[in-house]
Amino acid sequence: MGARVSSLLLLGAAGLGLPRKPLDLTRVEPGMTPQEIADVQRGNLIKLMFGDARRVDDLAVHIQNENTRCGRLDSRPIAFTDTLVHTLPKASARLGAIWGEQDATAAGAIEQNFAVLRQLRPGVYCDTIAHAGHWAQWEQPAVFDAKLTAFIEGKI
């Protein structure tokens, strides 16, 4: 997209070539009842997406089920690569990155992710959102919206 993209904010991004802890997620199997499917998706959200299990509501379960049901690409193998390390230097956009402090996909390595991004782009905006997991924008929407707006407006 070149110069048409002025800013790029990554959220809980993978593909930085760092070790990632595989999470033991449960697959939805044929023949499961709607309630069994919802239970599987709720459990997976707790393991993968949310820092606080109490924030997993019925809408989040529905969205997770639709995302997994309609997904056409298994992105997990890509997450374990260094694709972004090779791609981001080609981008001219101002770069930022946010992770939820409790993001299970980062396996406790948020600062390592920031270090990789700082090597690629000195001055990159790096931040975390407290009390949030991988779906930080869901768990802490007001905090996320404020950070996103400030980033887009060039204030941070």
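Given the structure is predicted, the values throughout are model-derived calculations rather than measurements.
- We find the CG-NZ distance between Asp127 and Lys147 to be 3.0 Å, quoted to the nearest 0.5 Å.
- Heavy-atom minimum distance, Glu139 versus Gly51: OE1-N, 2.8 Å.
- Taking CG of Leu45 as the start and CG of Asn67 as the end, the distance is 9.5 Å to the nearest 0.5 Å.
- Under a hydrophobic-cluster definition in which Ile, Leu, Val, Met, Phe, Trp and Tyr are linked whenever side-chain heavy atoms come within less than 4.5 Å, directly or via other members, Val56 and Ile63 are assigned to the same cluster.
- For the side-chain contact (heavy atoms from CB on, under 4.5 Å) with Asn44, the qualifying choice from Leu48, Val40, Ile46 is Val40, the only one to do so.
- Under a cutoff of 6.0 Å and an axis angle of 45°, Arg94 and Phe151 form a cation-pi pair.
- Val116 and Phe80 fall into different hydrophobic clusters, where Ile, Leu, Val, Met, Phe, Trp and Tyr residues are linked whenever their side-chain heavy atoms come under 4.5 Å apart, directly or through other members.
- To the nearest 0.5 angstrom, Gln140 atom CD is 11.0 Å from Asp145 atom CG.
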Side-chain donor-acceptor distances from residues 102-109 under 3.5 Å, at least two apart:
from: Gln102; atom 1: OE1; to: Ala132; atom 2: N; distance (Å): 3.3
from: Asp103; atom 1: OD1; to: Thr105; atom 2: N; distance (Å): 2.8
from: Asp103; atom 1: OD1; to: Thr105; atom 2: OG1; distance (Å): 2.5
from: Asp103; atom 1: OD1; to: His134; atom 2: ND1; distance (Å): 3.2
from: Asp103; atom 1: OD2; to: Thr105; atom 2: OG1; distance (Å): 3.4
from: Asp103; atom 1: OD2; to: His134; atom 2: ND1; distance (Å): 2.8
from: Thr105; atom 1: OG1; to: His134; atom 2: ND1; distance (Å): 3.2

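- The same ILVMFWY cluster, assembled from side-chain heavy atoms under 4.5 Å apart, contains both Phe144 and Ile156.
- Across all their heavy atoms, Ala13 and Leu16 have their closest contact at O-CD1, 4.5 Å.
- Asn113 CG to Glu111 CD: the interatomic distance, rounded to the nearest 0.5 Å, is 9.0 Å.
- Here the shortest heavy-atom pairing between Ala38 and Val61 reads O-CG1, 3.7 Å.
- Open room surrounds NE2 on His131; 12 or fewer heavy atoms of other groups in view lie less than 6.0 Å from it.
- A donor-acceptor pair is defined here as one N or O able to donate and one able to accept, closer than 3.5 Å; no such pair exists between the side chain of Gln112 and the backbone of Leu18.
- In this structure, the side chain of Thr149 does not engage the main chain of Ala146 through any donor-acceptor pair within 3.5 Å.
- Here the straight-line distance linking atom CG of Leu88 with atom CG of Leu10 works out to 6.0 Å at 0.5 Å rounding.
- Residue Leu120 is grouped with residue Leu95 when hydrophobic side chains (ILVMFWY) are merged at heavy-atom distances under 4.5 angstrom, including chains of intermediate members.
- Gln64 contributes atom CD, which lies 10.5 Å from atom CD of Glu66 (distance to the nearest 0.5 angstrom).
- Listed by chain and residue number, Phe114 satisfy the ring pair (Phe, Tyr, Trp, His ring centres under 6.0 Å) test with Trp99 (two or more places apart in sequence, or in another chain).
- Taking every heavy atom of both residues into account, Ile110 and Glu101 meet most closely at CD1-O, 3.7 Å.
- Contact annotation: the side chain of Leu73 approaches that of Ile78 to within less than 4.5 Å [non-hydrogen atoms, C-beta and beyond].
- Note: the hydrophobic cluster containing Leu9 also contains Val143 (ILVMFWY, side chain heavy atoms under 4.5 Å, direct or indirect links).
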Could you give the side-chain donor-acceptor pairs of residues 26-35 under 3.5 Å, partners two or more places apart or in another chain?
from: Thr33; atom 1: OG1; to: Glu36; atom 2: N; distance (Å): 3.0
from: Thr33; atom 1: OG1; to: Glu36; atom 2: OE1; distance (Å): 3.4
from: Gln35; atom 1: NE2; to: Asp39; atom 2: OD1; distance (Å): 2.8

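- Around CG of Asp58, the count of heavy atoms belonging to other residues, nucleotides or ligands within 6.0 Å does not exceed 12.
- Contact of the Asp57 side chain with the Trp138 side chain is registered, since non-hydrogen atoms from C-beta on lie closer than 4.5 Å.
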